[in-house]
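The structure under discussion is supplied below as structure tokens; questions concerning it will follow.
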Amino acid sequence: MFLETQQLSTDNAVGAGRVALAFEYDGRGFHGWQLQKSGVRSVEAELTAAVAKVANHPVDLVCAGRTDAGVHASYQIAHFDTPSVRNLRSWVMGINTALPDDISVHWAGNGVGDFHARFSATYRRYRYIIYNHPVRPGIQRGQVSWTFRPLDADRMHKAAQALAGEHDFSSFRAAGCQSRTPIRFLERISVTRKRDFVVIDVQANAFLHHMVRNIAGALMAVGSGKQRPEWIHEILVARDRTAAGVTAPPHGLYLVDVGYPDEFGIPAVECGPGFLRLWFTREENSPFTPTHIHVKQRVPSQ
């Protein structure tokens, strides 16, 4: 997972303040990250209960970015505050023992200074994975999206470059999105074919609700020949969600990286998901340094 191996040490003290966690999850069995009504599984509920058991007190978790029902994360960051002190191995192994099999914590560390999992992040990176084959997948059902229509990845990549930079992404924003502004800086976006898989790799300072899935749906229409490459730019400038077409399914989407300034000591990740990692070079899987960083929002004092 990490660019540099993180040893599960027992000779360090983690806690007595803010603790950060790095973890992954298979989104198929969850109704997204956020706590839901009783009886509906969420990543937040499962992880909160496991952390509280090890910390020996109730905790409130804050994550880098909420994911929707069916969306996966090969690298997610969250923090919580605790007076308890454990070593790294105790936090990681203890939490994992209390977790279901579809969530796994890989690292825990002290939150340095005013670290905040959401507001300290300088970028998020997602990969959307499409199995492009006449026959639907069996083993990887729920782990990838699928279309039987042949996709031209080069055509998709060229069209996608219209989205790079700072724009109003209203056309790619879900109707229920609660963000105060549709302006986002999309650092980079690429579309590549890896055997029978087409991978959309996108990094931005932040994302709107359903933004990546809406981009993926539009690019698939271009790749299949249903729409012209210029259509992507036309959608963008329209600033109208109804102009962008269908939203791609959630199960092809992975949160693969969240970036923080070095001062916070959050370990850098080699982007996943694991089954895809070997098809890219280490450089392609490594973090891309953002060129456009918004001023960090300060969290109001409680």
Side-chain angles (χ1 to χ4, degrees), residues 1 19-82 91-108 117-118 121 124-131 136-146 174-179 206-214 216-217 247-258 269 272-276:
M1 170 182 263
V19 174
L21 299 175
F23 56 101
E24 64 179 2
Y25 50 87
D26 180 337
R28 286 177 291 181
F30 298 104
H31 197 75
W33 161 265
Q34 193 171 5
L35 284 168
Q36 304 290 325
K37 62 184 179 181
S38 179
V40 179
R41 282 187 90 214
S42 72
V43 179
E44 184 179 13
E46 296 283 4
L47 187 57
T48 296
V51 172
K53 186 172 183 180
V54 178
N56 200 30
H57 65 83
V59 299
D60 293 318
L61 290 179
V62 177
C63 73
R66 297 173 181 175
T67 52
D68 292 332
V71 175
H72 317 288
S74 62
Y75 185 74
Q76 171 73 284
I77 299 294
H79 79 251
F80 63 95
D81 296 322
T82 179
W91 280 119
V92 171
M93 302 304 288
I95 294 171
N96 282 339
T97 298
L99 280 172
D101 292 341
D102 42 8
I103 311 175
S104 181
V105 171
H106 287 260
W107 175 85
R118 178 183 174 190
R124 284 87 173 166
R125 183 175 174 184
Y126 285 87
R127 280 176 171 167
Y128 191 85
I129 305 169
I130 307 157
Y131 181 58
R136 62 177 173 79
I139 292 177
Q140 290 185 309
R141 177 178 175 271
Q143 295 180 312
V144 296
S145 183
W146 169 66
C177 181
Q178 298 178 354
S179 176
F207 289 89
L208 300 167
H209 191 202
H210 286 178
M211 180 172 161
V212 180
R213 290 170 56 194
N214 289 333
T247 301
H251 39 263
L253 185 58
Y254 291 78
L255 175 62
V256 298
D257 191 12
V258 183
V269 67
F275 71 89
L276 196 73

Flag the pair Gln178 / His209 as yes when at least one side-chain heavy-atom distance between them is below 4.5 Å, and no otherwise. no
Please walk me through it: do Val105 and Leu99 pass side chain to side chain contact (heavy atoms under 4.5 Å, CB included)? CA-CA 9 Å; Val105 171; Leu99 280 172; 4.0 Å; yes
Which heavy atom in Ala45 sits nearest to a heavy atom in Ser42, and how many Å separate them? N-OG, 3.1 Å
Any side-chain heavy-atom pair of Phe275 and Ile129 under 4.5 Å: yes
Provide the closest heavy-atom pair for Ala78 versus Trp33 in the form atom of the first, atom of the second, distance. CB-CH2, 4.4 Å
I'd like to know if the side chain of Arg124 and the backbone of Ala64 have a donor-acceptor N/O pair within less than 3.5 Å. yes
Check the side chains of Tyr25 and Ser104 for a donor-acceptor pair under 3.5 angstrom, ignoring hydrogens and angles. no
Spacing of CZ belonging to Arg136 relative to CZ belonging to Arg141, to within rounding of 0.5 Å: 7.5 Å
Say you draw a straight line from CD of Gln143 to CG of Asp26; how long is it, rounded to the nearest 0.5 Å? 6.0 Å
Report the C-alpha separation of Val43 and Ile103 in whole Å, then their side-chain angles, then the decisive distance to 0.1 Å, and conclude whether the side chain to side chain contact (heavy atoms under 4.5 Å, CB included) test is met. CA-CA 8 Å; Val43 179; Ile103 311 175; 4.1 Å; yes
Enter the distance from Tyr131:OH to Ser145:OG here, rounded to the nearest 0.5 Å. 12.5 Å
So which atom in Ala117 and which in Val62 form the shortest heavy-atom distance, rounded to 0.1 Å? CB-O, 3.4 Å
Can you give the donor-acceptor pairs under 3.5 Å from side chains of residues 46-54 to other protein atoms, not counting sequence neighbours?
residue: Glu46; atom: OE2; partner: Arg41; partner atom: NE; Å: 3.2
residue: Thr48; atom: OG1; partner: Glu44; partner atom: O; Å: 2.6

Look up atom CG in Leu208 and atom OG in Ser179, then write down how far apart they are to the nearest 0.5 Å. 5.5 Å
For the residue pair Trp107 and Leu21, establish whether any side-chain heavy-atom pair is separated by less than 4.5 Å. no
Does Arg28 CZ have over 12 foreign heavy atoms under 6.0 Å away? yes
Under 3.5 Å donor-acceptor, Gln36 side chain and Gln34 backbone: yes
Any donor-acceptor N or O pair under 3.5 Å, side chains Asp68, His31: no
Closest non-hydrogen atom pair between Glu24 and Ser74, with its separation: CB-O, 3.7 Å
Exam field: side chain Arg213 to backbone Ala248, donor-acceptor pair closer than 3.5 Å: yes
Run the side chain to side chain contact (heavy atoms under 4.5 Å, CB included) check on Asp102 and Phe30 step by step: do they pass? CA-CA 9 Å; Asp102 42 8; Phe30 298 104; 3.4 Å; yes
Interatomic spacing from CG in Asp101 to CG in Asn96 - rounded to 0.5 Å: 10.0 Å
Please walk me through it: do His106 and Phe23 pass side chain to side chain contact (heavy atoms under 4.5 Å, CB included)? CA-CA 5 Å; His106 287 260; Phe23 56 101; 5.5 Å; no
State the CZ-CG distance between Arg127 and Leu276, to the nearest 0.5 angstrom. 5.5 Å
Ring pair (Phe, Tyr, Trp, His ring centres under 6.0 Å) contacts in which one or both residues fall within residues 47-81, not counting sequence neighbours: His72-Tyr254, His79-His116, Phe80-Trp91
Report the residue from Leu255, Val256, Val269 that forms a side-chain contact (heavy atoms from CB on, under 4.5 Å) with Arg125. Val256
